[in-house]
Trainee: 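Quick one: the structure is below, and I'll ask about it shortly.
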Amino acid sequence: MHETKIEEQAKRAGLPVYQYMRIASQRAMKLSAELNFSYHEPEEVARLFSELTGKPVGEGFCLFPPFYTDYGQNITIGKDVFINTSCHFQDQGGITIGDGALIGHNVVLATLNHNEDPARRDELIPQPITIGKRVWIGANATITPGVTIGDGAIVAAGAVVTRDVPAGMVVGGVPARILRPIRKEETP
């Protein structure tokens with residue numbers, strides 16, 4: 001069976017996964033509290049977010065705190081990405097956000113599921129979320145584990161996305177379904 005990124009990191013740290021995740025979650029909570037509970041200039045927000053993720057954010061990154069994550073180190077952000085206030089990124093399965101993406105307030109990106117079998121319900125099943133370039137995710141939307149949102153797509157406010165979204169489409173509803181293709185402005 002293929003090891004997850006977190007399993008690899010725990011092995012390198014010489015810790016069982018549950019112990020590694022407790023330490024990593026405490027780190028994420030500490031950095032999130034620093035980010036969320038006092039005012040910071042935009043450059044400081046970007047610096048703190050980079051520290052949280054362990055990698056630089058792309059040029060033009062903008063985040064309006066508060067922001068919440070359970071791990072932080074499996075988030076990759078492209079350039080010119082905007083993340084509005086009160087978003088929740090459960091990133092243990094990995095989250096990649098492409099250049100120019102717009103993430104509305106209260107958006108949830110959840111990369112973990114639990115085993116359906118009640119006897120094994122404590123088992124976590126991580127799957128990545130990939131958000132393409134120039135994607136717009138509306139307020140209060142939820143993206144579930146394993147979903148890829150194609151370039152230029154729009155996820156309507158309040159949608160619950162449980163399946164991949166093709167590039168250039170608008171999706172909405174619970175569960176989200178394709179509503180129509182993107183309307184492109186004609187230039188005179």
Trainee: In Å and rounded to the nearest 0.5 Å, what is the OH to CZ distance from Tyr20 to Arg12?
Mentor: 7.5 Å

Trainee: Determine whether more than 12 heavy atoms belonging to other residues, nucleotides or ligands lie under 6.0 Å from atom NZ of Lys30.
Mentor: no

Trainee: Are Ile182 and Ile154 packed together at the side-chain level, in the sense that at least one heavy-atom pair is separated by less than 4.5 angstrom?
Mentor: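 Result yes, sub-4.5 Å side-chain heavy-atom pair found.
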
Trainee: Could you walk me through whether Ile95 and Asn74 pass the side-chain contact (heavy atoms from CB on, under 4.5 Å) test, one step at a time?
Mentor: CA-CA 6 Å; Ile95 295 172; Asn74 283 340; over 6 Å; no

Trainee: Quick check for you: to the nearest 0.5 Å, what is the distance between Ser86 atom OG and Tyr68 atom OH?
Mentor: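 Going from OG on Ser86 over to OH on Tyr68, the span is 5.5 Å.
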
Trainee: Has Asn84 got a side-chain atom pairing as donor or acceptor with Ile103's backbone, closer than 3.5 angstrom?
Mentor: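 Between the backbone of Ile103 and the side chain of Asn84 there is no qualifying donor-acceptor contact (under 3.5 Å).
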
Trainee: Can you see which heavy atom on Val147 is nearest to which on Thr162, and at what distance?
Mentor: CG2-C, 3.7 Å

Trainee: Once you round to the nearest 0.5 Å, how far does OG of Ser25 lie from CD of Gln92?
Mentor: 6.0 Å

Trainee: Quick one: closest heavy-atom pair of Ala159 and Gly172, and the distance?
Mentor: CB-CA, 4.0 Å

Trainee: Using the rule side-chain contact (heavy atoms from CB on, under 4.5 Å), only one of Val108, Asp70, Ile97, Thr111 pairs with Phe89; which is it?
Mentor: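 The option that passes is Ile97.
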
Trainee: Can you see which heavy atom on Thr69 is nearest to which on Ala28, and at what distance?
Mentor: O-CB, 4.0 Å

Trainee: May I ask you to test the Val45-Arg47 pair for a side-chain heavy-atom distance under 4.5 Å?
Mentor: no

Trainee: Val165, Ile178: one ILVMFWY side-chain cluster at the under-4.5 Å cut-off?
Mentor: yes

Trainee: Counting only pairs under 3.5 Å, give me each side-chain donor-acceptor contact of residues 124-144, with atom names and distances, residues two or more places apart or in other chains.
Mentor:
| from | atom 1 | to | atom 2 | distance (Å) |
| --- | --- | --- | --- | --- |
| Asn140 | OD1 | Asn106 | ND2 | 3.3 |
| Thr144 | OG1 | Val161 | O | 2.8 |

Trainee: Of Thr85, Ile83, Leu35, Leu48, which is the lone residue that meets side-chain contact (heavy atoms from CB on, under 4.5 Å) with Pro65?
Mentor: Leu35

Trainee: Using the rule given for side-chain contact (heavy atoms from CB on, under 4.5 Å), can you reason through Leu31 versus Glu34, listing the C-alpha separation, both sets of side-chain angles and the distance that settles it, and then say yes or no?
Mentor: CA-CA 5 Å; Leu31 288 168; Glu34 186 177 346; 4.2 Å; yes

Trainee: Would you give the length of the straight line joining atom CG of Asp80 to atom CD of Glu59, rounded to the nearest 0.5 angstrom?
Mentor: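 Going from CG on Asp80 over to CD on Glu59, the span is 6.5 Å.
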
Trainee: Show the nearest heavy-atom pair for residues Gly158 and Val174, with the distance to one decimal.
Mentor: O-CG2, 3.8 Å

Trainee: How close do Tyr71 and Arg27 get, counting heavy atoms only, and between which atoms?
Mentor: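 That closest heavy-atom pairing would be O-NH1, 4.3 Å.
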
Trainee: Between Lys11 and Glu8 (salt bridge meaning N to carboxylate O under 4.0 Å), is one present in this structure?
Mentor: no

Trainee: How about Leu52 and Phe67: do any of their side-chain heavy atoms sit closer than 4.5 Å?
Mentor: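 They are in side-chain contact.
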
Trainee: Where is the tightest heavy-atom contact between Ala46 and Val57, given as atom of each residue plus distance?
Mentor: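 Closest heavy-atom pair between Ala46 and Val57: CB-CG2, 4.1 Å.
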
Trainee: Could you state the interatomic distance from CD (Gln73) to NZ (Lys55), rounded to the nearest 0.5 Å?
Mentor: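 Between Gln73 CD and Lys55 NZ, I get 7.5 Å after rounding to 0.5 Å.
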
Trainee: Counting only heavy atoms from other residues, nucleotides and ligands, does the tally under 6.0 Å from CZ of Arg183 exceed 12?
Mentor: no

Trainee: Between Val107 and Met169, is there shared hydrophobic-cluster membership here, with clusters defined by ILVMFWY side-chain heavy atoms closer than 4.5 Å?
Mentor: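 Yes, it is one cluster - the side chains of Val107 and Met169 are joined through contacts under 4.5 Å.
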
